[in-house]
Q: 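Can you read through this structure? Questions will come right after.
It should be emphasised that the depicted structure is a prediction, and the values quoted were computed from it without experimental measurement.
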2 protein chains.
Amino acid sequence: MGTTQLESVPEPKYWHLKTVLSEALDSEFTVGEILPNERDLAARFGVARATLRQALEQLELEGRLQRRRGVGTTVAPPRMGVAVGTGRQVWPSTGDDAWQPVDCALAAPPAAVATALESARDQAVHIVRRSRVSHGQPVAAELLYIPSTSVPDLSAIDAPSEAARARAVLRELQRLELQGQDSAVELGSARADDARELDRLPGAPVLVVTTRFFAEGRTAALSVATYRADTCRLTFTASGGVEIHHGPQQQAS
Amino acid sequence: MGTTQLESVPEPKYWHLKTVLSEALDSEFTVGEILPNERDLAARFGVARATLRQALEQLELEGRLQRRRGVGTTVAPPRMGVAVGTGRQVWPSTGDDAWQPVDCALAAPPAAVATALESARDQAVHIVRRSRVSHGQPVAAELLYIPSTSVPDLSAIDAPSEAARARAVLRELQRLELQGQDSAVELGSARADDARELDRLPGAPVLVVTTRFFAEGRTAALSVATYRADTCRLTFTASGGVEIHHGPQQQAS
DNA sequence: AAGTGGTCTAGACCACGCA
DNA sequence: GCGTGGTCTAGACCACTTG
């Protein structure tokens, strides 16, 4: 008469809670609607607030919820598709105006960047900061590292503003013939400055896209772009410009 | 003489802790080395275990640490680069043997998949499960959805095993002329079955790569691949086969 | 001022890997 | 059986937004 273990693997509470909430979001809530506060929700489900929060964190990670301190928890819209790779390779910010130059500095790059650029560690590079807005909200912050050798004709530029200097550097860069590019995507957490620009808290999950631009037989520029992981789906369109249509969610049961 | 607020924005403890630990990892630890257990670490830094864990979670998210229940916390090797997009588009598993077929079923697809395939909801599709191994450890689990119309000649196949049937379906698929493909990357959390295959706990952060394959003027196949976000950096090589060199090291040993 | 989510604590017990 | 990380609790206080 041992204790018959019908549930050999008891599901964690927060996991079950996440499932229940997820189904409730699909059926009983609409995008933008605010949920009851965490203390009420925890009481309603009979768990500690920390446990409830563990479930909410997961749902926020999956882009289902959006939480803002002092405001509340709201149902997030489906992730927006953001194009980060095109079939025809282009220099940064050639055609589309999705990226907005913020400022521009001339400084020594981090060690990792210097390695990728195959340049000396103490060789100063142009660092252009840009921010990307989509559907009215910030989705990415970028640091563009451009060795001085890639844009030699910058001695006689007028600089009415930081942004203007950034645009001048980009204009010069586009005179080179782009031979190729490649990108890498990895998970990261937002640094303090990126977080501020993305309207998130430091440490928020982000997708880091590192892109190398090749010209004249070497790496002519390096872009490190930080995308909000909760609101963005990065699209790499190889052929047409078609969009992937998503149901309520991607991962199915 | 009011309380002079020199630190107008007090940094959260776990954030500071993460920074300290991160620097310690760089200078005082080697890859594979095991850290002191959480209770000792928490005591050493004078914080509660929950706070210490918050810092460790972030470091694990960034791929700096690896934690395993019953074992301990170890210093993780640099993320491995995993190629997920090539310049020349290829059918799944054409050249490389990185993907291993696991099994194959014929069933109705989830609603989201049916939408992407532009097929009827109740139209059964082949569902091929594959797993990808790199450097000796599992990095991705995939579900490949293939409408029956894409592989018509499957009535007379012999099926000595599940994996063999999967290979037969893939072989048939490759007879079609691939016209294009596009991919999307987004953050997700591992479902229970994926987690098992990836040797992670359910809910672990993953990078979900959704790829559509076009042939004969329609979507001929849809792949949903789930990559370990902690160990993988997804590379999209547009031109040459060059690898991005990152920080101190490129790949694990 | 009130209400929200974010941080933090000091415990407890559980599931797992290993010797 | 022991030590590990994983889960969970019931509180407390803080930072932020809004009326």
Q: Would you find a donor on one side and an acceptor on the other, under 3.5 Å apart, between the side chain of A:Ser27 and the backbone of A:Glu23?
A: yes
Q: Under the 3.5 Å rule, do the base of D:dG3 and the side chain of B:Arg39 count as making a donor-acceptor pair?
A: no
Q: Please work out which of the three classes, parallel, tilted or perpendicular, describes the rings of A:Phe236 and B:Phe236, given edges at 30° and 60°.
A: parallel
Q: Consider only side-chain N and O atoms of A:Glu62 and B:Ser189, and report whether a donor and an acceptor are under 3.5 Å apart.
A: yes
Q: Counting only side-chain N and O atoms of A:Tyr14, is one of them less than 4.0 Å from OP1 or OP2 of D:dT7?
A: yes
Q: Send over the distance from A:Ile34 CD1 to D:dT17 C1', rounded to a whole Å.
A: 13 Å
Q: Tell me: CD of B:Gln66 to P of D:dG6, nearest whole Å?
A: 11 Å
Q: Among C:dT9, D:dC13, D:dC8, which nucleotide has an atom closest to any side-chain atom of B:Lys13?
A: C:dT9
Q: Minimum heavy-atom separation for A:Cys104 and A:Val169, please, with both atom names.
A: SG-CG2, 4.0 Å
Q: So which of residues 45-55 of chain B are in contact with DNA chain D, with a heavy-atom cut-off of under 4.0 Å?
A: B:Arg49, B:Arg53
Q: Can you see which heavy atom on B:Val75 is nearest to which on B:Leu65, and at what distance?
A: CA-CD2, 4.3 Å
Q: Among residues 69-76 of chain B, which ones have heavy-atom contacts with DNA chain D below 4.0 Å?
A: B:Arg69, B:Gly70, B:Val71, B:Gly72, B:Thr73
Q: Rounded to the nearest Å, what distance is computed from the CZ atom of residue B:Arg67 to the P atom of nucleotide D:dG6?
A: 5 Å
Q: Round to the nearest Å and state the distance from B:Arg200 atom CZ to C:dG17 atom P.
A: 12 Å
Q: Within the distance-only criterion (no hydrogens, no angle test), does the side chain of A:Arg67 pair as donor or acceptor with the backbone N or O of A:Gly72 below 3.5 angstrom?
A: no
Q: Atom CG of B:Leu56 and atom P of D:dT7: how far apart are they, to the nearest Å?
A: 14 Å
Q: Regarding B:Ser223 and B:Glu142, is there a side-chain donor-to-acceptor distance under 3.5 Å anywhere?
A: yes
Q: At their closest point, which heavy atom of A:Gly63 faces which heavy atom of A:Arg79, and how far apart are they?
A: N-NH2, 3.5 Å
Q: In whole angstrom, give the distance that lies between atom CG of B:Leu201 and atom P of D:dT4.
A: 18 Å
Q: Could you tell me how far apart B:Lys18 (NZ) and C:dG6 (C1') are, to the nearest whole angstrom?
A: 16 Å
Q: Rounded off to whole Å, could you give me the CD-to-C1' distance for the B:Glu60 and D:dT4 pair?
A: 14 Å
Q: Below the 4.0 Å mark, does C:dG3 have OP1 or OP2 next to a side-chain nitrogen or oxygen of A:Asn37?
A: no
Q: Ignoring hydrogens and angles, state whether a donor on the side chain of A:Tyr227 or A:Arg132 is under 3.5 Å from an acceptor on the partner side chain.
A: yes
